[in-house]
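Structure, as structure tokens:
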Amino acid sequence: MNQEMANFIYSGLINMHRFMLKQLPHGKKYFTIRRLHSEVLESMIKYFNTDKFDASKNFAIMVNATCKKGYEKDIFLSMDNEADTSILLELFFYKNHSKVKSITEIFLETHRFKAEKKVKMLEAMRDSYASLFVIKDIDSNNGYVTFEDVFTYKKYKVVDVSLSMPNHEKIIDKVYFYNRIITYEGISFTTAIRCVIQSDNKEVKKFIKKHKYNQNHPCIRCLRLYDISRQCNNKIGIYTPV
């Protein structure tokens, strides 16, 4: 079977799983919340692409906090690349550096939205949490995935269509995901950051051992782990969270 046919079959299975979850009360709520989050993101992306937000300046601040001076010349992220885009959205839309105001903060302070549900979503995004997680359990029948933070060992139960597929049980404790978890009206979901690393990767093991979780800007964690992920992503044949 070629890759194109395999992807076609997998997409069909994903759609069947999605249909099944839509029949469940929490599944219906999840898809409504994801649509709302997407609407908020669309507005943020439009703002991000205007001259009102100086992405280059803010990125330089983050990178200089992460690496030696001038290292930003070696980091190139493009909105034309899906994985890079997920990192750019993570860095700028959410709070990742004390000296860089996130677009979520800007939207809240300027009262960008009038609709209460969108304001509540912004508040949920402001209060969201990002870290490096490993999957500890998958409940395929209900679409739940239980993540465990590798630094705090705290567990989070999220709804995720693709990762809750039965065939993904093989990746329990085998793969790290750098991701952000948002909780809105009792439903938790991830922002699908494209940063996936095999748990036996030597570089990520060294990072986890040396990283001072509470003493560094989140952008340091994000950029370093994404760098490790890019070096090994061709070895990981699984779908990222959706």
Side-chain angles (χ1 to χ4, degrees), residues 26 30 33-34 37 62-63 65-67 83 86-87 89-100 102 104-105 121-139 142-160 162-164 168-233 236 238 240-242:
H26 73 275
Y30 164 76
I33 290 171
R34 287 307 300 248
H37 181 246
M62 290 183 180
V63 173
T66 308
C67 312
S86 73
I87 296 299
L89 267 56
E90 164 61 22
L91 291 176
F92 297 126
F93 288 24
Y94 305 91
K95 190 66 174 179
N96 280 290
H97 194 288
S98 59
K99 294 182 179 179
V100 176
S102 70
T104 294
E105 291 176 303
M121 178 56 74
L122 286 174
E123 292 172 343
M125 292 167 69
R126 176 198 61 197
D127 299 334
S128 60
Y129 179 76
S131 190
L132 186 66
F133 301 99
V134 65
I135 292 177
K136 304 301 291 186
D137 184 61
I138 294 177
D139 178 358
N142 294 290
Y144 286 120
V145 174
T146 300
F147 285 105
E148 182 179 87
D149 188 325
V150 303
F151 299 107
T152 67
Y153 304 107
K154 184 176 180 180
K155 289 183 172 64
Y156 300 83
K157 190 175 182 179
V158 307
V159 180
D160 189 292
S162 67
L163 284 182
S164 65
H168 278 153
E169 292 180 355
K170 62 186 178 183
I171 67 173
I172 292 175
D173 285 323
K174 299 293 179 60
V175 179
Y176 290 127
F177 295 85
Y178 183 81
N179 229 312
R180 178 171 293 275
I181 296 175
I182 300 174
T183 301
Y184 181 95
E185 294 187 349
I187 298 291
S188 295
F189 61 95
T190 71
T191 55
I193 300 172
R194 298 301 180 97
C195 184
V196 187
I197 308 168
Q198 290 172 309
S199 60
D200 61 355
N201 180 280
K202 293 181 180 179
E203 289 300 314
V204 77
K205 285 183 175 294
K206 286 193 293 185
F207 178 85
I208 293 171
K209 185 177 181 179
K210 295 181 179 181
H211 185 63
K212 306 298 183 182
Y213 184 82
N214 294 317
Q215 299 178 24
N216 293 286
H217 294 291
C219 62
I220 295 175
R221 200 158 45 245
C222 179
L223 287 171
R224 178 62 186 128
L225 289 169
Y226 184 54
D227 187 41
I228 296 173
S229 174
R230 286 200 289 193
Q231 294 174 32
C232 69
N233 62 5
I236 302 175
I238 63 170
T240 49
V242 297

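- Under the 3.5 Å distance criterion, the side-chain polar atoms of Ser86 are matched with a main-chain donor or acceptor of Arg194.
- Here His211 pairs with Phe151, Phe207 under the ring pair (Phe, Tyr, Trp, His ring centres under 6.0 Å) rule; sequence neighbours left out.
- Of the possible donor and acceptor atoms, none in the side chain of His26 sits under 3.5 Å from a partner among the backbone N and O of Gly186.
- A heavy-atom distance below 4.5 Å is found between the side chains of Leu91 and Leu223.
- Counted by atom type alone, Tyr176 and Asn201 present zero donor-acceptor pairs between their side chains at under 3.5 Å.
- A donor-acceptor pair is defined here as one N or O able to donate and one able to accept, closer than 3.5 Å; such a pair exists between the side chain of Thr104 and the backbone of Phe93.
- The closest side-chain heavy-atom distance from Ile228 to Lys206 is not below 4.5 Å.
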> Run the side chain to side chain contact (heavy atoms under 4.5 Å, CB included) check on Lys136 and Val134 step by step: do they pass?
Replying inline: CA-CA 6 Å; Lys136 304 301 291 186; Val134 65; 3.8 Å; yes
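- Residues forming a ring pair (Phe, Tyr, Trp, His ring centres under 6.0 Å) with Phe133 (at least two apart in sequence, or on another chain): Phe147, Tyr156.
- A distance of 9.5 Å separates NZ in Lys155 from CG in Asp137, rounded to the nearest 0.5 Å.
- The main-chain N or O of Lys174 is found under 3.5 Å from a side-chain atom of Ser199 such that the two form a donor-acceptor pair.
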> Please walk me through it: do Glu203 and Arg224 pass salt bridge (Lys or Arg N to Asp or Glu O under 4.0 Å)?
Replying inline: CA-CA 10 Å; Glu203 289 300 314; Arg224 178 62 186 128; 3.2 Å; yes
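- Residue Tyr178 forms a side-chain contact (heavy atoms from CB on, under 4.5 Å) with just one option from Val204, Leu132, Ile87, and that option is Leu132.
- Taking the six-membered ring for Trp and thresholds of 30 and 60 degrees, Tyr30 and Phe189 have ring planes more than 60 degrees apart, a perpendicular arrangement.
- Tyr94 is linked by a ring pair (Phe, Tyr, Trp, His ring centres under 6.0 Å) to nothing, counting only residues two or more places apart in sequence or in another chain.
- Remark: of the listed residues Arg34, Met121, Met125, His37, Met121 is the sole one forming a side-chain contact (heavy atoms from CB on, under 4.5 Å) with Tyr184.
- When atom types are taken as modelled, the side chain of Ser164 and the backbone of Tyr144 share no donor-acceptor pair closer than 3.5 angstrom.
- Of the possible donor and acceptor atoms, none in the side chain of Asp160 sits under 3.5 Å from a partner among the backbone N and O of Thr190.
- For His97 (side chain) and His217 (main-chain N/O), no donor-acceptor pair under 3.5 Å exists by modelled atom type.
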